[in-house]
Amino acid sequence: MIHLLEKTRVYTPETLGVGDGESQISLLQVLTVIESEFKEQLEELRSIRGKDLKIKDVELQNQMPAPAGNPLVVRSYVYKLDKKGGYEIRVFVHSRSKKTENRVAKATYVLTPIDADA
């Protein structure tokens with residue numbers, strides 16, 4: 001496995017659209033963040049590679065709710081898996097409080113070249 005790309009971004013409760021009086025960030029908001037980060041990494045990978053990829057497998061783990069007042073720290077990584085052109089994009093979502101970061105969710109996408117089946 002070869003590490004290719006890495007990106008870190010912080011989403012504040014305001015940018016997520018968390019309403020007043022909400023106690024936690026919704027799972028839909030977390031999934032929207034994961035999808036956005038995945039698509040961005042996929043586009044960057046496509047521009048580097050020059051060919052389209054398809055999703056072979058997706059794994060999502062929702063580990064705990066995120067308090068509404070804490071920002072989400074999102075780290076995404078791209079790895080090359082093998083010589084046939086397989087890739088893996090991992091997206092980690094953490095809730096950051098003043099002293100700690102707790103994992104909220106993790107998504108792993110396994111990608112293969114579209115021409116791999118031909």
* At what distance, to the nearest 0.5 angstrom, does OG1 of Thr108 lie from CZ of Phe38? -> 11.5 Å
* To do: To the nearest 0.5 Å, tell me how far Leu4 CG sits from Glu88 CD.
  => 11.5 Å
* Asked: Does the pair Thr112 and Lys54 meet the rule for a side-chain contact (heavy atoms from CB on, under 4.5 Å), with working shown?
  -> CA-CA 6 Å; Thr112 58; Lys54 65 180 178 181; 3.4 Å; yes
* Asked: Could you state the interatomic distance from OH (Tyr77) to NE2 (His3), rounded to the nearest 0.5 Å?
  -> 7.0 Å
* Hey, what do you get for CG (Asn62) to CG (Leu31), rounding to the nearest 0.5 Å? -> 7.5 Å
* Asked: Are any non-hydrogen side-chain atoms of Asp52 and Arg46 less than 4.5 angstrom apart?
  -> yes
* Asked: Are Val10 and Ile34 linked, directly or through other ILVMFWY residues, by side chains that come within less than 4.5 angstrom of each other?
  -> no
* To do: Answer whether the closest heavy-atom distance between the side chains of Glu101 and Val73 falls below 4.5 Å.
  => yes
* Side-chain heavy atoms under 4.5 angstrom apart, residues restricted to Ile, Leu, Val, Met, Phe, Trp, Tyr: same cluster for Leu42 and Leu81? -> no
* Asked: What are the two closest non-hydrogen atoms of Pro113 and Gly86, and how far apart are they?
  -> CD-N, 4.3 Å
* Asked: Distance under 6.0 Å and angle within 45° of the ring axis: does Arg90 meet both against Tyr79?
  -> yes
* Side-chain donor-acceptor pair under 3.5 Å between Glu43 and Gln41, yes or no? -> no
* To do: Take Glu44 and Lys39, measure what salt bridge (Lys or Arg N to Asp or Glu O under 4.0 Å) needs, and give me the verdict at the end.
  => CA-CA 9 Å; Glu44 196 165 333; Lys39 285 181 176 179; over 6 Å; no
* Asked: Where do Lys7 and Glu37 land on the salt bridge (Lys or Arg N to Asp or Glu O under 4.0 Å) test, with the steps shown first?
  -> CA-CA 9 Å; Lys7 195 171 286 186; Glu37 293 296 319; over 6 Å; no
* Taking the side chain from Gln29 and the backbone from Leu16, do they hold a donor-acceptor pair closer than 3.5 Å? -> yes
* **Tyr11 reachable from Val104 in the ILVMFWY side-chain graph, under 4.5 Å edges** => yes
* **Closest non-hydrogen atom pair, Ser95 against Leu72** => CA-CD2, 4.2 Å
* Flag side-chain contact, heavy atom, 4.5 Å: Arg49 against Tyr87 -> yes
* Please assess Glu40 against Arg9 for the test salt bridge (Lys or Arg N to Asp or Glu O under 4.0 Å), listing each intermediate value before the final yes or no. => CA-CA 12 Å; Glu40 192 170 306; Arg9 185 171 297 166; 2.7 Å; yes
* **Joint cluster assignment, Phe92 & Leu5, ILVMFWY side-chain distance < 4.5 Å** => no
* Tell me, do Ile114 and Leu53 make a side-chain contact under 4.5 Å, heavy atoms counted? -> no
* To do: Indicate, with yes or no, if Ile25 and Met64 share a hydrophobic cluster defined by side-chain heavy-atom contacts under 4.5 Å among Ile, Leu, Val, Met, Phe, Trp and Tyr.
  => no
* **Interatomic distance, Ile55 atom CD1 to Leu111 atom CG [nearest 0.5 angstrom]** => 6.5 Å
* To do: Apply side-chain contact (heavy atoms from CB on, under 4.5 Å) to Glu59 and Gln61, showing your working.
  => CA-CA 7 Å; Glu59 178 185 340; Gln61 298 174 354; 2.8 Å; yes
* Asked: Nearest 0.5 Å, what's the NZ-CD1 distance between Lys80 and Ile48?
  -> 11.5 Å
* Heavy-atom check, side chain of Val74 versus side chain of Val91, under 4.5 Å -> yes
* Looking only at atom types and distance, does a side-chain atom of Thr32 sit under 3.5 Å from a main-chain N or O of Leu28, one as donor and one as acceptor? -> yes
